[in-house]
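Keep in mind it's a predicted model, so treat the numbers as computed, not measured.
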Amino acid sequence: MKVGVSTACLFPKPLEECIYQLSVNGVQCIEIFLNTQSELKKSFASGAAKLMEHFEVKCVSVHPFTCELETLMFFSEYERRLTDALEYHKRYFEFMNTVGAEIFVFHGGKPGLARNKELFAERYSRLYRLGREFGVTVALENVSRCMSASSAFVKDIAGMLGDEFAFVLDTKQAVRANENPMRFLDAVGKRTVHVHISDSGELGDCLLIGRGRFNFAAFFDKLNSYAPDSSVVLELYRNNFSGISDLVSSYNILKKMTEQYNKEK
């Protein structure tokens, strides 16, 4: 079970500065949140890879800046747009190959065009299969404003796709959708490959570890029983912490929490 921090926490700092700040402060595992098209250039990807190699940092996952366009890109009836979207996503997968990331975070569609489960499963499957050609796992994330907000919906899609399905659990998005994060784990089990984690409680749903009342012990026990090799990254919004030291502190707490599971192997 790998623990890390998302570069999204430090937005809107330039991505390379986010990688450097996390790396120089001892974070050994990161998720890269790409913010714009120019960051997909081969030269930028190579620079990011060299920076991480220098600090011996691993990138486990990549989050695309086009996530808000996924309803339009993948779930309309305009076939040429879908073809172009799949071709465009090859650039993400090539970036991932360069930086060594294996998990691609996919929001899927919002209610409306993506409401049909059969269509949702078919379009997701096409992207999933494309990712496999690059050695990449495309994983659906639960997002409160998307169809994936519902654990029942995610369970149905997982059942329809079988081995051609992977899942990213975002604990704060589950809370925002009035879902228990544990319910998603029970819904998809071993198909969970990645987690966006934060604390939650009376002060909010996206808090530093220890600032809320989230039951981390029970959560990690269940995660370990289903998906012991999953990665877990801290993902906070910039207004939820004061500085880099807060992120490092939460990262270290998460590492401590998960030590026992890695020792069991």
Side-chain angles (χ1 to χ4, degrees), residues 1-33 48-49 51-63 99-103 105 141 168-175 181-182 185 192-265:
M1 194 179 296
K2 299 173 287 291
V3 172
V5 180
S6 173
T7 63
C9 298
L10 295 171
F11 182 87
K13 284 184 179 294
L15 176 53
E16 61 273 26
E17 291 185 22
C18 297
I19 295 172
Y20 177 79
Q21 279 206 346
L22 293 174
S23 301
V24 80
N25 280 281
V27 175
Q28 298 171 315
C29 176
I30 63 171
E31 173 175 286
I32 288 180
F33 194 118
L51 180 60
M52 289 186 292
E53 182 181 6
H54 176 77
F55 287 100
E56 298 182 340
V57 169
K58 178 174 177 56
C59 176
V60 293
S61 54
V62 164
H63 196 303
V99 301
E102 297 179 354
I103 299 167
V105 180
E141 180 182 23
V168 177
L169 171 58
D170 189 311
T171 60
K172 65 181 172 300
Q173 291 292 338
V175 172
M182 305 286 198
L185 293 180
T192 304
V193 295
H194 191 54
V195 177
H196 290 155
I197 202 162
S198 55
D199 210 338
S200 57
E202 292 82 0
L203 297 177
D205 54 24
C206 185
L207 304 173
L208 287 161
I209 309 303
R211 299 287 178 85
R213 306 195 329 160
F214 187 76
N215 190 339
F216 289 99
F219 177 80
F220 282 124
D221 278 347
K222 187 177 285 284
L223 179 63
N224 185 63
S225 69
Y226 282 127
D229 295 323
S230 58
S231 48
V232 180
V233 298
L234 179 71
E235 186 185 68
L236 301 175
Y237 302 123
R238 189 60 191 85
N239 63 331
N240 296 123
F241 64 97
S242 298
I244 189 72
S245 61
D246 286 338
L247 297 180
V248 174
S249 177
S250 281
Y251 164 73
N252 286 330
I253 293 171
L254 289 171
K255 282 185 68 177
K256 190 72 174 176
M257 287 178 176
T258 56
E259 273 181 355
Q260 60 178 307
Y261 306 111
N262 294 324
K263 287 178 181 177
E264 289 171 1
K265 292 184 178 181

Partners meeting ring pair (Phe, Tyr, Trp, His ring centres under 6.0 Å) with F220 (sequence neighbours left out) = none

Go through the structure and list residues passing ring pair (Phe, Tyr, Trp, His ring centres under 6.0 Å) with F55, not counting sequence neighbours.
-> Y20

For residues 246-256, pull every pair meeting side-chain hydrogen bond (donor to acceptor under 3.5 Å, both in side chains), keeping only residues two or more places apart or in separate chains.
-> Q28-K255

So do I209 and L254 actually touch side chain to side chain, heavy atoms under 4.5 Å?
-> yes

Please identify each residue that fulfils side-chain contact (heavy atoms from CB on, under 4.5 Å) with A217, with sequence neighbours left out.
-> N215

Gap separating the CG atom of D229 from the OG1 atom of T192, nearest 0.5 angstrom = 12.0 Å

Side chain of Y261, backbone of D221: donor and acceptor closer than 3.5 Å?
-> yes

What pair of heavy atoms forms the shortest contact from S198 to L236, and how long is it?
-> CB-CD2, 3.6 Å

Taking C-beta and beyond as the side chain, do I32 and M52 meet within less than 4.5 Å on heavy atoms?
-> yes

Test item: D199 side-chain N/O and G210 main-chain N/O as donor-acceptor pair under 3.5 Å = yes

Looking at V168, L234, D170, L223, which hits side chain to side chain contact (heavy atoms under 4.5 Å, CB included) with V195?
-> L223

By side-chain contact (heavy atoms from CB on, under 4.5 Å), which residues pair with N25, not counting sequence neighbours?
-> I244, V248

So which heavy atom on F33 is nearest to which on A8, and how close?
-> CD1-CB, 3.7 Å

SG on C59 to CG on L51, rounded to 0.5 Å | 11.5 Å

Contacts of N240 meeting side-chain hydrogen bond (donor to acceptor under 3.5 Å, both in side chains) (sequence neighbours excluded), chain-then-number -> none

Among pairs that include at least one residue of residues 51-62, which meet side-chain hydrogen bond (donor to acceptor under 3.5 Å, both in side chains), considering only residues two or more places apart or in two chains?
-> E31-S61, S61-H194

Residues two or more places apart in sequence or in another chain: which of them pass salt bridge (charged side-chain N to carboxylate O under 4.0 Å, His left out) with R213?
-> E202

Test side-chain hydrogen bond (donor to acceptor under 3.5 Å, both in side chains) applied to K2 - qualifying residues, sequence neighbours left out | none

Residues in salt bridge (charged side-chain N to carboxylate O under 4.0 Å, His left out) contact with E235, at least two apart in sequence or another chain | K172

Taken in chain and number order and not counting sequence neighbours, the residues that satisfy ring pair (Phe, Tyr, Trp, His ring centres under 6.0 Å) with F214 are F216, F219

When rounded to the nearest 0.5 Å, the distance separating CD1 of I30 from SG of C9 is 11.0 Å

Mind checking the NE2-CD spacing from H63 to E141? Nearest 0.5 Å is all I need.
-> 5.0 Å

Verdict with supporting geometry, N224 and Q260, side chain to side chain contact (heavy atoms under 4.5 Å, CB included) | CA-CA 10 Å; N224 185 63; Q260 60 178 307; over 6 Å; no

Mind checking whether C29 and V3 have side chains closer than 4.5 Å, heavy atoms only?
-> no

Closest heavy-atom contact between S6 and V233?
-> N-CB, 4.3 Å

Please lay out, stage by stage, how E17 and L10 fare under the test side chain to side chain contact (heavy atoms under 4.5 Å, CB included).
-> CA-CA 9 Å; E17 291 185 22; L10 295 171; over 6 Å; no

Which residues pass the salt bridge (charged side-chain N to carboxylate O under 4.0 Å, His left out) test with K13, sequence neighbours left out?
-> none

Do L247 and Q21 have side chains that get closer than 4.5 Å, going by heavy atoms?
-> no

